[in-house]
Amino acid sequence: MFITFEGGEGSGKTTLIKAVNTYLKEKGVKTYVTREPGGSLIAEQIRHIILDNKNKDLSDKTEALLFAASRTQHLEEIIIPKLNEGYTVLCDRYLDSSLAYQGYARGLGIDVVLKFNHYALECLPTYTIYIDSDPKKGLERALSRGGANRLDNESLEFHNRVREGYLLLLEKFPKRIIKIDGDCNLDALIERTLKKIKELI
Ligand code: TYD
């Protein structure tokens with residue numbers, strides 16, 4: 001299985017993935033945890049270009065293409081081989097991030113960004129866990145950690161659009177994307193997600 005995790009800034013994805021990974025391992029599932037942008041040496045170098053606050057002039061189209069390039073490298077080098085070796089791959093962000101952030105929030109168009117990502121379309125996640133939470137609270141949490149990147153530093157309006165984008169994707173891919181209400185404490189979020197995962201597997 002290929003399971004991706006999506007959500008806005010500070011939505012608790014990273015902690016959640018750790019908990020899901022521990023649960024699956026206890027059940028004897030062979031797991032591999034990875035993230036986007038990045039996940040391989042070359043893809044991590046592309047990540048650096050995209051997230052660097054110094055790159056203020058990066059155009060929206062180039063940003064979308066770089067996310068797609070990083071994803072293609074990650075797919076070919078890591079995700080596809082791991083799936084072929086029988087691992088269940090857990091990925092922190094994937095295609096839907098590009099659709100919500102670049103396609104919807106940046107305004108490039110979800111269909112245009114889907115075209116940029118045609119290689120990822122050949123390897124769609126089995127399930128995508130989307131944590132739906134208040135962008136204002138999440139952004140405050142993310143910014144309070146320090147080290148905000150170029151995307152974190154976008155306006156609250158941008159992050160509100162990201163959430164709208166995800167909600168549109170839920171309508172577009174209702175079987176694949178599972179929405180979890182994330183406006184709760186982390187323990188409750190983990191409990192809700194594990195309940196869903198148990199139903200799915
Ligand atoms: P990161 O620090 O990994 O964010 P998070 O902890 O919230 O997952 O930074 C990745 C940023 O890149 C995040 O703001 C989401 C954004 N992003 C896109 O805009 N498009 C994409 O395709 C991906 C994978 C991420």
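For clarity, every value in this text was computed on a predicted model and none was experimentally measured. Here, residue 1 is the first one in the sequence, and each next residue gets the next number. Both counts, for ligands and for their atoms, begin at 1 and track the order of listing.
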Ranked by distance from atom 22 (O) of ligand 1, the top protein heavy atom is Ser98 OG, 2.5 Å
For atom 24 (C) of ligand 1, the closest protein heavy atom turns out to be Arg71 NH2, 3.4 Å
Margin query: I want to know if ligand 1 touches Tyr94 in the polar sense, i.e. an N/O pair below 3.5 angstrom.
Written below: no
- Look at Glu44 together with Arg35 and state whether they make a salt bridge at an N to O cut-off of under 4.0 Å. yes
Of all protein heavy atoms, the one nearest atom 4 (O) of ligand 1 is Arg93 NE, 4.0 Å
Looking only at non-hydrogen atoms, the one of Glu63, His159, Arg145, Lys13 nearest atom 8 (O) of ligand 1 is Lys13
Indicate whether any N or O donor in one side chain lies under 3.5 Å from an N or O acceptor in the other, for Thr31 and Asn21. yes
Counting heavy atoms under 4.0 Å, the part of Leu51 that contacts ligand 1 is side chain
Numbered in order shown, the ligand 1 atoms found under 4.0 Å of a heavy atom of Arg47 are 1 (P), 2 (O), 3 (O)
Backbone or side chain, does any N or O of Arg35 fall under 3.5 Å from an N or O of ligand 1? no
**OP:** Establish, from distance only, whether the side-chain atoms of Arg71 and Asn117 form a donor-acceptor pair under 3.5 Å.
**Re:** yes
In this structure, atom 25 (C) of ligand 1 is nearest to the protein heavy atom Phe67 CE2, 3.4 Å
Among non-hydrogen protein atoms, atom 14 (O) of ligand 1 lies closest to Glu9 OE2, 2.8 Å
The atoms of ligand 1 lying under 4.0 Å from a heavy atom of Gln102, numbered in the order shown, are 18 (C), 19 (O), 20 (N), 21 (C), 22 (O)
**Test: Asp111 and Lys172 ion pair at under 4.0 Å** = yes
If we number the atoms of ligand 1 from 1 as shown, the ones under 4.0 Å from a heavy atom of Pro37 are 10 (C), 24 (C), 25 (C)
Query raised in the report: Counting only heavy atoms not in Lys30, do more than 12 sit closer than 6.0 Å to its NZ atom?
Result: yes
- Message: Check this for me, if you would: do Glu157 and Arg161 make a salt bridge, where the nitrogen-to-carboxylate-oxygen distance has to be below 4.0 angstrom?
- Response: no
**Asked** Is a salt bridge present between Arg192 and Asp187, judged by a nitrogen-to-oxygen distance below 4.0 Å?
**Response** no
Near Ser97 (heavy-atom distance under 4.0 Å), the atoms of ligand 1 are 20 (N), 21 (C), 22 (O), 23 (C), 24 (C), 25 (C)
- Item | Pair Arg106 + Glu154, salt bridge at N-O below 4.0 Å | yes
Applied to residues 91-138, the ring-ring contact (aromatic ring centres under 6.0 Å, His included) test, sequence neighbours excluded, yields Phe2-Tyr94, Tyr130-Tyr166
Atoms of ligand 1 under 4.0 Å from any heavy atom of Asn149, numbered from 1 in the order shown, are 1 (P), 2 (O), 9 (O)
